[in-house]
Amino acid sequence: MNPQLEAYLKRIEGHLKGLTRSEKEGEIREIAGHLNILIADGMESGLTESEAVEAAILRFGVPAEIGRDIVEASGGQKMGLLHGILIGAVIGMAVLTAVGLASPGHGFGSPAERLSEVALGGAMASLAGRRFTRRYLTRPARALPLISAASQGLTVAYRMLGIGMLRGTIGGAIFGAVNVTFALLDPHANVEGLGQVAAYFTTFTAVATLWGTFIVGLGSAIIGALMGVLQHKRFKPQPT
Amino acid sequence: MSRALSKNDIPSLVLAVIADGPCHGYAIAREVERRSGALFQLREGSLYPALRVLEQEEHIQGGWEIQGSGPARKVYRITESGRAELVKRTGDWAAYKQAINTFIGGKPHESTA
């Protein structure tokens, strides 16, 4: 393949972020086919190969715009595994909290117990949650099988959830680490041995991080849903 | 005179071309050029996002086919929903065109001041 054409195709591929490998291959194969015919046309009309490639590329357009528009038209960026697990963890924690509140005698338990439950619940929910979000929440609002205002609410909620989870993770980790540090510095603290200190530090910080992620993420999602619905044209005051 | 096409108009043109028979990307670009008498300036790469939109909305279906001795090409066909969508878009466009014609060629509104 002509090196100039190859570089152009690679630039388009670089902007197909979020598509699966087979989707990217399909897009590039199709675009390469189109460009090859344009190049052959150019050469038939008397251009050199290099001139024909240049003309074809110019006619085709800017790689960043093409890539970005294809990704958007194909349903937006697909979610990564880590993102899916985080969303799953939030859903898992929400379910566990609801179960805990609804079941008499089901207290919060020890941090280690709670952490295990949350990790298990999050991992299970991530499988279902990731599939659901890939299928619906990463698509443009118009493609959602719901009424348009609710679709817009869900889409904004999803974006806000991602931002909220990141903030919650950072905030929770800082909160947990600071709390544990102060607790360990307390002369009245009854802590024995380095192993116990490490276990206490890890468990408490991890629990605080997960709860921070959960609370801030869920709060952001709820605010996002309300904002999304209220920003919909149906709920905006119409000019008189 | 030539005009740059709006991104929002490209799916309608693509749908109209595919309604007349299965086509691949390059052939669609040539047909748009031919039908418009080179009036529309189309960046050919912008066809592919339009094709993806129409595929997502299930107005067209694409499949890889080997035609003659050449390499496989992705050929698009219109669906029943695509035909209905084209009828709707044609109606919408006719109404829009009439409104613009009335606006430009019609009498100006009387001043309310």
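Residue numbering restarts at 1 for every chain, and letters A, B, ... go by the order of the sequence lines. Worth knowing before you read on, the calculation uses all heavy atoms, side chains too, and leaves out hydrogens, waters and symmetry mates.
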Report task. Quick one: which residue pairs count as a ring pair (Phe, Tyr, Trp, His ring centres under 6.0 Å) with a foot in residues 3-39 of chain A, not counting sequence neighbours? Result ->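 Listed by first then second residue: A:H34-A:F60, A:H34-B:Y26, A:H34-B:Y48.
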**Report entry** Engaged part of A:R68 at the chain B interface, taking heavy atoms whose separation is under 4.5 Å
**Finding:** side chain
Query - Atom pair NZ (B:K74) and CD (A:E30), whose distance is rounded to the nearest 0.5 Å - result: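 Output value for this atom pair is 5.5 Å.
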**Report entry** Between CZ on residue B:R43 and CG on residue A:L58, distance to nearest 0.5 Å
**Finding:** 5.5 Å
Please check if the number of heavy atoms outside [X] that lie under 6.0 Å from its [atom1] is greater than 12.
X      : atom1 : answer
B:Q61  : CD    : no
A:Q4   : CD    : yes
B:R89  : CZ    : yes
B:I100 : CD1   : yes

Query raised in the report: Hey, does B:R73 have a side-chain heavy atom less than 4.5 Å from the side chain of A:I37?
Result: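 Yes, close enough: below the 4.5 Å cut-off.
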Query raised in the report: If you count heavy-atom pairs under 4.5 Å between each of B:H24, B:R30, B:E55 and chain A, which one has the most?
Result: B:R30
Requested in this report: Tell me, out of B:G45, B:S46, B:A50, B:A27, who's got the most heavy-atom pairs with chain A below 4.5 Å.
Outcome: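 Winner by heavy-atom pair count: B:G45.
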**Report entry** Partner residues of B:W93 under the side chain to side chain contact (heavy atoms under 4.5 Å, CB included) criterion, sequence neighbours left out
**Finding:**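 With neighbours one apart ignored, the set is B:Y96, B:K97.
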Query raised in the report: Under 4.5 Å, heavy atom to heavy atom, which residues of residues 38-47 of chain A contact chain B?
Result: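 Counting heavy atoms that sit under 4.5 Å from chain B, the residues of residues 38-47 of chain A involved are A:L38, A:D41.
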Query raised in the report: What is the minimum heavy-atom distance between B:P49 and A:A73, and which atoms define it?
Result: O-CB, 3.3 Å
Query raised in the report: Among residues 9-17 of chain B, which ones touch chain A with a heavy-atom distance under 4.5 Å?
Result: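 Those residues of residues 9-17 of chain B which would need a heavy atom under 4.5 Å from chain A do not exist here.
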Requested in this report: Could you tell me which portion of B:L54 (side chain, backbone, both or neither) has an atom closer than 4.5 angstrom to a non-hydrogen atom of chain A?
Outcome: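 The answer is neither part of B:L54.
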